[in-house]
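Owing to the predicted nature of the structure, the values given are computational and were not obtained by experimental measurement.
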Amino acid sequence: MGEEQHPTGVSWAWARPLRKAAERIRPAGAAHPATPEPEPEDLSGRIVDCAVYIEGRRRPGACDYDSGLEAVRATPGAFLWLGLHEPTEADFAPIAKRFGLDELAVEAATTRRQRPKIERFADVTVFVLRTTRYVEHPELTETCEVVETGSVAIFIGERYVITVRHGPAGELAPVRADLERRPDRLALGPWAVAHAVADRLVDSYLEVAVAFENDIDELEDHVFGNQPQNRAAQIYQLKRELMEFKRAVAPLQQPLGMLAEDKEGLAKEIRRYFRDVNDHLLRTVERIVTYDDLLNSILQARLAQLSVDQNNDMRKIAAWAAMAAAQTALAGIYGMNFVYMPELQWRFGYPAILLLMLTIAVLMYRAFRRSGWL
């Protein structure tokens with residue numbers, strides 16, 4: 001066989017001694033050094049809580065998700081609840097491997113802005129919801145943030161539930177504490193946790209909606225008050241924030257409706273709870289639609305006000321221009337310097353013309369005031 005050739009045609013013969021020397025130095029059978037695998041990141045800052053629940057009661061003592069999963073598999077009536085906050089893909093990879101989660105399900109856990117949805121992967125159900133939080137602001141401006149959104153992904157298995165939260169809104173610690181005070185509800189299993197999270201988030205939607213209503217009332221006072229202000233930019237900003245809120249809330253109707261009617265996968269008691277949550281959600285969506293229509297009406301009314309104000313200004317300008325034109329006409333006539341003009345030789349001609357101009361101005365002013373132009 002001929003000499004080895006580089007693709008450009010240059011011979012590699014000069015490199016053979018170097019390769020042979022390297023082979024003599026490396027022990028026989030030794031493999032090429034492999035790239036070290038990155039060590040898994042510390043999950044202590046990502047795991048909010050991890051607990052095993054047996055017949056609705058929390059098992060005393062701390063646990064990790066690995067040993068907890070083994071415990072629930074060996075204990076009838078037990079399940080594991082693992083809560084995480086903003087894990088990265090590297091953080092969630094060992095958890096997904098341990099629980100056997102689908103890669104598409106992992107994407108739902110590591111992506112912040114997921115659309116509300118429910119998907120089933122083999123024996124795991126992924127339930128994604130959006131979180132919302134009203135941002136307090138001293139005054140509504142054209143750039144201020146009104147609502148802040150995040151997401152919660154819930155992985156529901158037969159013996160475990162994993163909640164993954166992104167964003168500061170929608171803390172789940174109160175949900176866990178409330179459920180632990182109600183072991184009868186927690187005894188229903190992982191779907192009871194999913195219902196409690198959905199119920200808490202839908203209640204937070206209503207709180208944000210009430211705060212939106214206060215902003216709209218304040219905006220109405222400014223627009224339709226005794227001294228109306230130009231608030232078109234603030235109206236547009238509030239509409240943008242309302243649209244973000246609507247995108248977080250409205251798509252949840254379909255997943256909740258599916259759960260409320262899922263007779264094969266869910267127990268009757270759980271379906272009843274989800275129907276109640278869905279009713280609350282529908283009321284919130286109706287509020288949002290009403291607010292959107294109201295903001296459109298306020299904006300249209302404000303634009304109509306601006307049009308009327310502009311017409312009033314134009315009428316005032318036209319009235320004053322007409323009065324000035326009458327004076328200008330008289331002054332122009334007597335400024336033509338013709339020899340034969342009436343009253344040029346009259347002693348009182350000048351004050352008479354001034355009096356005539358004043359009389360015309362007063363009569364025109366009264367006429368314009370009576371017609372509403374001034």
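No single ILVMFWY cluster, assembled from side-chain heavy atoms under 4.5 Å apart, contains both Val362 and Phe368.
Within the 4.5 Å cutoff, side-chain heavy atoms of Arg58 are placed close to those of Arg176. Looking only at side-chain heavy atoms (C-beta outward), Leu252 and Val285 stay at 4.5 Å or farther from each other.
Checked for salt-bridge contact, Glu244 and Arg247 miss the test: no charged N lies under 4.0 Å from a carboxylate O. Using a cut-off of 4.0 Å between Lys/Arg side-chain N and Asp/Glu carboxylate O, Arg200 and Asp203 are scored as not salt-bridged. In summary, Arg98 and Glu70 engage in a salt bridge, as defined by a charged side-chain N under 4.0 Å from a carboxylate O.
Contact between Glu86 and Arg46 at its shortest, heavy atoms only, is O-NH1, 2.8 Å.
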Worked check of side chain to side chain donor-acceptor pair (under 3.5 Å) between Thr88 and Asp91: CA-CA 5 Å; Thr88 63; Asp91 294 333; 2.9 Å; yes
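Between the side chains of Asp215 and Tyr134, at least one donor N or O lies within less than 3.5 Å of an accepting N or O.
Surrounding CD of Glu213 are more than 12 heavy atoms belonging to other residues, nucleotides or ligands, all under 6.0 Å away. Heavy atoms of other residues, nucleotides or ligands lying less than 6.0 angstrom from CD of Gln254 number 12 at most.
Remark: Arg185 qualifies as a cation-pi partner of Tyr273 under the 6.0 Å distance and 45° angle criteria applied to the six-membered ring.
Rounding to the nearest 0.5 angstrom, the gap separating the OG1 atom in Thr75 from the CZ atom in Arg159 is 7.5 Å. Distance check: Leu186 CG to Glu55 CD gives 10.5 Å after rounding to the nearest 0.5 Å.
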